[in-house]
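Worth knowing before you read on, the calculation uses all heavy atoms, side chains too, and leaves out hydrogens, waters and symmetry mates. Sequence lines set the chain letters: A, B, ... in the order given, protein chains first and strands last, and positions in each chain run from 1.
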Amino acid sequence: CMLVVTATLSACKNYLDVAPQAKITEDQIASDPNQAKNLVIGIYNVFYIGGFEPDIDSFQFVIMTDIASDDADKGSSPDDYGDAKQIDNLQTSASNGVVNNVWTGYYQGVARANQALDKLQNAQFDATTKNALIGEARFLRAYFYFNLVRLYGGVPLLDKLPSASEANQDKYQTRATADDIYKFIVSDLDFAVTNLPDKGATDVGRATKSAAQALEAKVYLYMKNYQKAYDLSKAVMDGGKYSLVKDYSLIWRQKAVNGDGGNNNAESIFEIQAGINKSCTAGINLYTVSQGPRAGGKFGWADLGFGFNNPSESLLSEYEAGDVRKAATVITIQDHGTVLWDGFRIPSRDSVQNGFYSYKAYHSRTAEDNCGGSTDRLPKQVRILRYADILLINAEAAFQLGRIDEAKTNLNLVRTRAKLPAATASLQTIWHERRMELAEEHDRFFDIVRQDAVMPGRAAAAFAAHGKTWAAKYALFPIPQTQIDLSGGRLKQNPGY
Amino acid sequence: QNAPVKGKVTDAATGEALIGVSVSIKGTTTGAQTDVNGAFTLTAPLDATLVFTYIGYTTLSLPVNNQTQLTVKLQAEAKELQQVVVIGYGTQRKRDVTGSVASVNGNLLAKQPVQTATQALQGKVSGVQVLSSGRPNSSPILRIRGTGSVLAGANPLYVVDGVLTDDIRNINSNDILSLDVLKDASAAIYGVRGANGVVIITTKKGKSGPAVVSYDATVGFREVANQVKLADRAQYVDYLKDASPTKIASDDKAPLTIPGTTDWAKEVTRRAFTTNHNISVAGGGETNTYFISANYFDDQGVIKTNGFQRFTLRANNDINISKKLKFSEQLSLSRAAERTIDLNAIYGNVYRAAPIIPAIQDGKYGNTSAWSNVSNPLLQLDKANRFTLGNRVQGNVALDYKPISSLTLHSAFNADIKFNNQKNYQYQFLSDNNTFTVGGGNQNQNNSSLFVQNDDSYQYTWDNTITFDKSYGNHHITVLGGMVTEKFKSNFLNGTRQDVPANQDQWYLNLGNPDVNAKDDNGGGLFTRQSFVGRVNYGYANKYLISGSFRRDGSSKFNQHWGNFYTVGGGWVISEESFMKDNHIFDQLKLRASYGKLGNDNIDQALYIITATSNLPYYFNNGTLNLGSVIQDIKNTNLKWETTAQFDLGLDFAFLNNRLSGEVDYYNKKVSNALTKVGLPGILGDPDNTYITNAASYSNKGFEVGLKWNDKINDKLSYNVGANISYNKNNVIGLNGGQALFGGGINSRQVTKTDNGHPIGSYFVLQSTGVFQNAAEVAAAPTNSFEANKIGGLKYADIDNNGIIDANDRIYAGSYQPKYYGGFNFGVNYNSFDLSADFTGNWGNKIYNGKKNSRGTENDNIEASYADSRFTTAKPSNTDPNVITGSTPPSTYFIESGAYLRLNNLTLGYTLKSELLKRANISRLRFYLTSQNLFTLKRYSGSSPELFNDDVNTGITEAGIDNVNYPVTRTFAFGVNLQF
């Protein structure tokens with residue numbers, strides 16, 4: 001074009017059509033089936049976000065599930081992280097940054113899933129492969145919505161990715177009911193159960209048929225559909241692909257010890273995968289380091305983290321004598337030095353800010369992999385669904401259906417592993433067991449709200465024991481004020497905020 | 001009957017031969033030019049009339065009257081009248097201009113010991129605000145007639161000899177012939193890039209005649225000016241005892257602190273050496289002219305380890321291939337070496353590091369971080385080496401063909417090519433007893449790291465224009481038409497490795513650990529533009545002037561490529577009217593007006609195209625890496641340029657024999673479709689929940705006045721005085737239905753709000769109303785949601801009267817944009833001495849003292865003045881609180897006046913005149929002393945009221961937050977000008 005001095009406009013038209021450099025365009029992806037496959041991997045990658053930015057299963061999710069509950073205190077220094085302090089003290093405001101970051105984080109996940117589903121529609125695969133990929137995307141989308149609906153209640157239901165201009169429609173900018181969200185989750189999981197290959201027939205770490213059944217069982221427990229919860233958890237148990245890790249403390253290790261525990265262990269049904277890539281980006285941002293023991297200005301050692309999510313007095317006092325899970329769940333700081341399982345020694349009590357830290361979030365700097373000493377994205381694999389949870393879901397559903405013996409059997413499988421004597425099955429004993437078994441695993445806040453709906457007064461009692469005053473409105477977090485503003489006021493706030 | 005006519009043309013006043021005067025036979029296209037001796041020959045009818053035209057001289061018509069040997073004397077035009085300004089793709093006599101164009105002589109810029117010419121522009125031109133920094137190799141920030149963009153850059157376009165650029169740091173000021181500023185809509189000749197005004201730089205050319213050799217040099221030093229005094233040991237300990245009694249009680253005698261006081265600002269700064277050497281040779285023969293120069297500029301930074309060196313070469317040649325065809329080239333090479341520092345980290349820590357901790361002792365550093373304070377800034381400087389080498393080739397080759405005297409065909413190929421390489425090395429050190437006087441804390445670098453990057457880019461523009469210029473009796477018409485093609489391409493390649501050895505000879509990627517934390521990145525950019533330009537200037541009897549220009553621009557940055565931009569202008573030279581001419585009041589009086597539409601497309605390429613992010617890792621099968629991709633950035637696929645409409649009304653005048661001259665302008669500028677980041681609902685899943693779209697409009701309105709007085713008392717004494725002042729009112733008039741932009745980040749809190757009805761970057765903070773004096777006041781006060789109310793704490797106004805002090809109680813509290821800015825200068829020549837002084841300043845603006853507000857904990861050091869004035873029970877204050885920490889919210893307490901007046905440059909020179917010099921063939925020898933920023937009168941308590949924030953993300957909306965400034969410097973230099 002430049003050679004033609006008297007060029008006309010049309011002659012130069014192509015000269016101005018410049019493609020973006022070093023970027024793959026949407027159009028290219030739409031036309032390449034392998035790229036559509038990559039979009040599914042891209043959904044899993046969203047698990048790595050977090051820190052102080054949009055968050056899925058990282059630090060801020062921990063704040064909204066553990067620190068918000070009676071299992072944990074905020075930790076760190078008293079004034080550190082005002083937004084976390086609000087949540088810990090049951091004073092969450094609609095302008096709380098954590099509440100907004102978890103909202104935007106989960107919707108990033110939903111958007112990635114919807115984007116992949118959109119491109120998979122036209123991808124040229126055989127039906128089995130294609131439906132398996134769709135099943136993975138729908139499993140993950142269901143997981144995201146399950147957390148959204150438990151945190152916020154009914155939320156906007158996006159079953160596809162709208163463009164910036166379409167997004168302004170009321171159907172996207174207003175809240176669906178919680179029931180609609182649950183129905184949507186169930187339809188996604190039904191598809192996943194039907195179309196996903198099971199454990200052993202697919203890559204370790206991908207969503208499986210059993211994972212979909214397990215998640216759906218849990219979803220039905222929240223819907224109080226005990227029959228479905230029972231059936232689906234039973235299906236996982238009958239499948240025979242899972243068993244309890246013998247030594248409870250090994251569940252959260254990276255490496256198995258004598259074949260027991262470690263990443264993707266016998267008990268793991270769905271687990272966030274991590275690894276060591278050259279650029280140290282394949283781990284959950286700040287998940288481990290935010291919960292690590294903190295020196296807090298007391299010099300003498302290079303500390304392990306920011307010191308958040310401290311196991312509470314309420315939790316510590318509920319452990320029965322002899323429960324091996326206490327020592328596996330809690331790092332208790334000793335007056336004259338604390339030696340961790342890998343031999344790491346935390347100095348004397350006065351070199352450490354807080355008295356108790358989560359052991360389940362601990363990742364050894366010496367005995368487990370890390371990426372060149374960088375601690376922001378330690379490759380800690382968070383266990384999202386594990387077999388003990390399924391046993392307890394089944395126990396609870398069975399109990400509600402009057403199958404007391406089955407309930408008792410499952411309950412005591414979990415208790416036996418914890419080196420505790422057998423107990424009788426009741427809602428109290430099963431719920432007690434859930435708390436002990438799943439402490440610091442980001443389940444407690446949801447569980448307590450769920451139990452309160454089954455047996456009103458439970459939440460108030462639990463928080464009273466924790467030194468805090470419960471009110472009904474806390475069952476749901478506020479819809480972030482930023483999001484209400486951006487919707488032009490069409491998103492309506494939860495009652496009480 | 002034709003006969004050969006010979007003659008010689010000289011200057012009527014000096015008798016000097018005039019070279020290159022065009023001689024034409026009236027009514028024909030036949031003509032000739034005078035040679036180096038001023039002589040011409042042409043064949044003409046003996047009754048013909050010859051017309052002699054020469055730039056800067058009055059055109060003369062002379063009948064031949066049968067003579068064959070003519071002696072012609074041309075009268076120089078009055079200086080003001082002969083001034084020529086560059087207006088883009090051509091020049092125009094200043095007297096014919098209908099727009100608002102300021103022209104500055106290069107000599108005025110070269111006399112200041114600064115790197116970049118635009119810094120020397122400070123306070124010189126009305127309507128042009130210049131912000132400069134003491135940081136070596138910083139690019140001055142220019143705002144022409146206010147701030148007109150938030151996202152697309154508010155700096156003007158620079159045109160250096162036809163090369164369009166945003167960076168002129170490679171240009172040696174001594175090479176500059178003139179710098180012209182298009183302030184109004186006449187910048188529309190640059191279309192989609194004219195909205196922020198245009199600065200056109202023309203470099204020098206040689207003149208036919210013997211070679212002139214010039215050597216100009218300065219040697220001097222720079223030092224920190226007006227460093228804020230921070231609390232010393234005694235003040236700090238007193239403060240801590242009060243603010244954090246437990247801290248000082250337990251740790252005062254700890255091994256961390258060592259007797260004596262540390263002045264951290266002193267520890268990291270130095271008196272810096274600066275020098276500038278420039279040599280040039282200019283001259284020419286009958287068919288060619290040349291200008292060749294070389295320059296070495298060395299600017300050691302006042303912060304330790306920081307520094308900049310630049311070497312430039314220039315060769316400008318004009319070659320007349322034939323009478324009709326001219327070839328020319330302007331070429332500059334520059335090579336710049338720079339060692340940078342992490343300013344935010346270093347100077348942020350200087351303000352906060354405890355003075356009881358030594359900076360360094362016996363080779364071991366004081367451990368500020370173990371004092372749970374900030375990092376030791378001296379250690380940060382010593383343990384990093386950030387080096388950049390930049391090479392740049394810039395220039396053009398051009399052909400001019402004049403088939404007839406009124407027509408010029410011009411074709412120029414302009415190129416700007418850059419190669420940079422960068423190496424950042426971080427030394428390894430631990431927080432142990434080998435590094436520190438006492439180990440501990442969290443200042444460490446467990447692994448060394450090396451970052452290497454190579455960049456290259458080229459940009460070419462190919463200009464093809466046709467200019468027709470002719471007078472018919474009283475009519476003078478100039479028509480320009482042309483086409484411009486432009487392409488920009490860039491590429492970068494970088495890598496990061498850790499555990500690279502500390503030996504500088506081994507700072508290469510292949511010596512680092514290839515498997516851990518190893519990153520490589522490669523990317524690039526590409527965009528094109530295609531333009532059609534046109535301009536018509538018409539003048540009748542030098543009295544009535546009309547002009548119009550047009551540019552149709554196609555830019556690859558937008559889906560809809562093409563846009564049209566234009567300006568129309570008119571002028572009435574009242575002084576040429578007979579009724580004015582006769583009364584001899586005005587030497588010149590011109591009324592002019594212009595209106596036009598301009599654009600701004602200064603954003604990244606391909607922002608409207610939806611792309612994927614690839615290679616996102618995820619692991620399956622216990623350690624198998626899989627790479628995923630996502631499409632998540634929401635884009636506006638209909639993105640377009642920003643549009644500015646500008647009206648200008650001006651008056652140019654000169655009277656008292658041209659001794660007093662000046663101009664007055666009124667302008668009204670409106671930017672619409674301004675690019676802005678708009679918040680997106682989280683449900684769309686965009687990672688930063690914003691996207692870029694055209695959703696704002698801004699207005700700038702103002703007045704400018706510029707005055708000059710020149711007088712020559714006698715042969716020994718002459719003097720000149722100049723002054724200019726500009727008033728600007730900036731206003732956001734339509735921001736996306738009320739979605740305000742927030743900026744700031746002092747202790748993670750917003751400080752500014754850009755919203756309708758207020759200037760861009762206005763402060764939006766709590767209103768502080770004093771200090772709590774007693775418990776009764778605390779008890780009666782509204783609850784503070786930021787920090788607990790306490791005696792000695794700040795009180796805030798409960799604006800919404802709801803009993804809680806929170807974000808809803810913020811008010812607008814001014815902005816950094818000055819209401820008035822300008823400067824004045826004077827110069828005196830007496831005998832062999834010359835003295836000049838330039839002042840600059842502004843008023844009517846506010847500064848947010850972010851440095852004072854940026855305190856993490858009670859352990860952070862404080863300003864000495866605050867240490868004395870703060871509230872204590874023994875000495876209550878109602879203005880200054882007892883302690884400022886990270887939880888102290890932004891408030892009006894931190895807002896101060898930004899008004900200042902600075903003696904920007906003071907120069908005293910002495911020119912040697914002696915027979916001795918003449919015998920040595922030295923035509924001029926001058927020595928001088930010069931000082932930059934000798935003093936500043938200010939009300940602001942921080943270091944400098946001139947804030948410099950050139951960050952692309954924060955520089956505009958957070959311009960008034962004093963938080964990242966390089967120390968302001970004062971320069972003293974000795975200089976010499978030698979010519980032979």
Novice: Measuring heavy-atom distances to chain A, does Asn491(B) have an atom under 4.5 Å in its side chain, in its backbone, in both, or in neither?
Specialist: neither
Novice: Between Thr528(B) and Tyr15(A), is there a donor-acceptor pair closer than 3.5 Å when you use the side chain of the first and the backbone of the second?
Specialist: yes
Novice: At a 4.5 Å cut-off on heavy atoms, which part of Gln632(B) comes close to chain A: side chain, backbone, both, or neither?
Specialist: side chain
Novice: Side chain, backbone, both or neither: which part of Pro687(B) has an atom under 4.5 Å from a heavy atom of chain A?
Specialist: both
Novice: Report the distance from atom CD1 of Ile609(B) to atom CG of Asp27(A), rounding to the nearest 0.5 Å.
Specialist: 9.0 Å
Novice: Tell me, do Val630(B) and Asn45(A) make a side-chain contact under 4.5 Å, heavy atoms counted?
Specialist: no
Novice: Find out whether Trp562(B) and Leu16(A) are in side-chain contact, i.e. whether some heavy atom of one side chain is under 4.5 Å from a heavy atom of the other.
Specialist: yes
Novice: Identify which part of Glu53(A) has an atom lying under 4.5 Å from any heavy atom of chain B, answering side chain, backbone, both or neither.
Specialist: neither
Novice: Which region of Asn442(B), side chain (C-beta onward) or backbone (N, CA, C, O), has a non-hydrogen atom less than 4.5 Å from a non-hydrogen atom of chain A, or is it both or neither?
Specialist: neither
Novice: In this structure, is the centre-to-centre distance between the rings of Tyr619(B) and Tyr44(A) below 6.0 Å?
Specialist: no
Novice: Does any heavy atom of chain B fall under 4.5 Å from the side chain of Tyr172(A), the backbone, both, or neither of them?
Specialist: both
Novice: Assess whether side-chain contact (heavy atoms from CB on, under 4.5 Å) is satisfied between Ile631(B) and Arg112(A), documenting all intermediate values.
Specialist: CA-CA 7 Å; Ile631(B) 304 167; Arg112(A) 288 189 187 199; over 6 Å; no
Novice: Look up atom CZ in Phe620(B) and atom CZ in Arg206(A), then write down how far apart they are to the nearest 0.5 Å.
Specialist: 4.0 Å
Novice: Counting only heavy atoms closer than 4.5 Å, note whether Ser629(B) contacts chain A via side chain, backbone, both or neither.
Specialist: both
Novice: Side chain, backbone, both or neither: which part of Lys489(B) has a non-hydrogen atom closer than 4.5 Å to chain A?
Specialist: side chain
Novice: With a 4.5 angstrom heavy-atom cut-off, is it the side chain or the backbone of Phe558(B) that approaches chain A, or both, or neither?
Specialist: neither
Novice: Let me know if Glu271(A) has heavy atoms under 4.5 Å from chain B in its side chain, its backbone, both or neither.
Specialist: backbone
Novice: Counting only non-hydrogen atoms closer than 4.5 Å, does Ile610(B) touch chain A with its backbone (N, CA, C, O), its side chain (CB onward), both, or neither?
Specialist: both
Novice: Quick check on Glu787(B) against chain A: is it the side chain, the backbone, both or neither that has a heavy atom closer than 4.5 Å?
Specialist: neither
Novice: Checking heavy atoms, do the side chain of Leu627(B), its backbone, both or neither come under 4.5 Å from chain A?
Specialist: backbone
Novice: If we define contacts as heavy-atom pairs under 4.5 Å, which of Thr281(A), Ile276(A), Val110(A) has the most with chain B?
Specialist: Ile276(A)
Novice: Which region of Asn447(B), side chain (C-beta onward) or backbone (N, CA, C, O), has a non-hydrogen atom less than 4.5 Å from a non-hydrogen atom of chain A, or is it both or neither?
Specialist: side chain
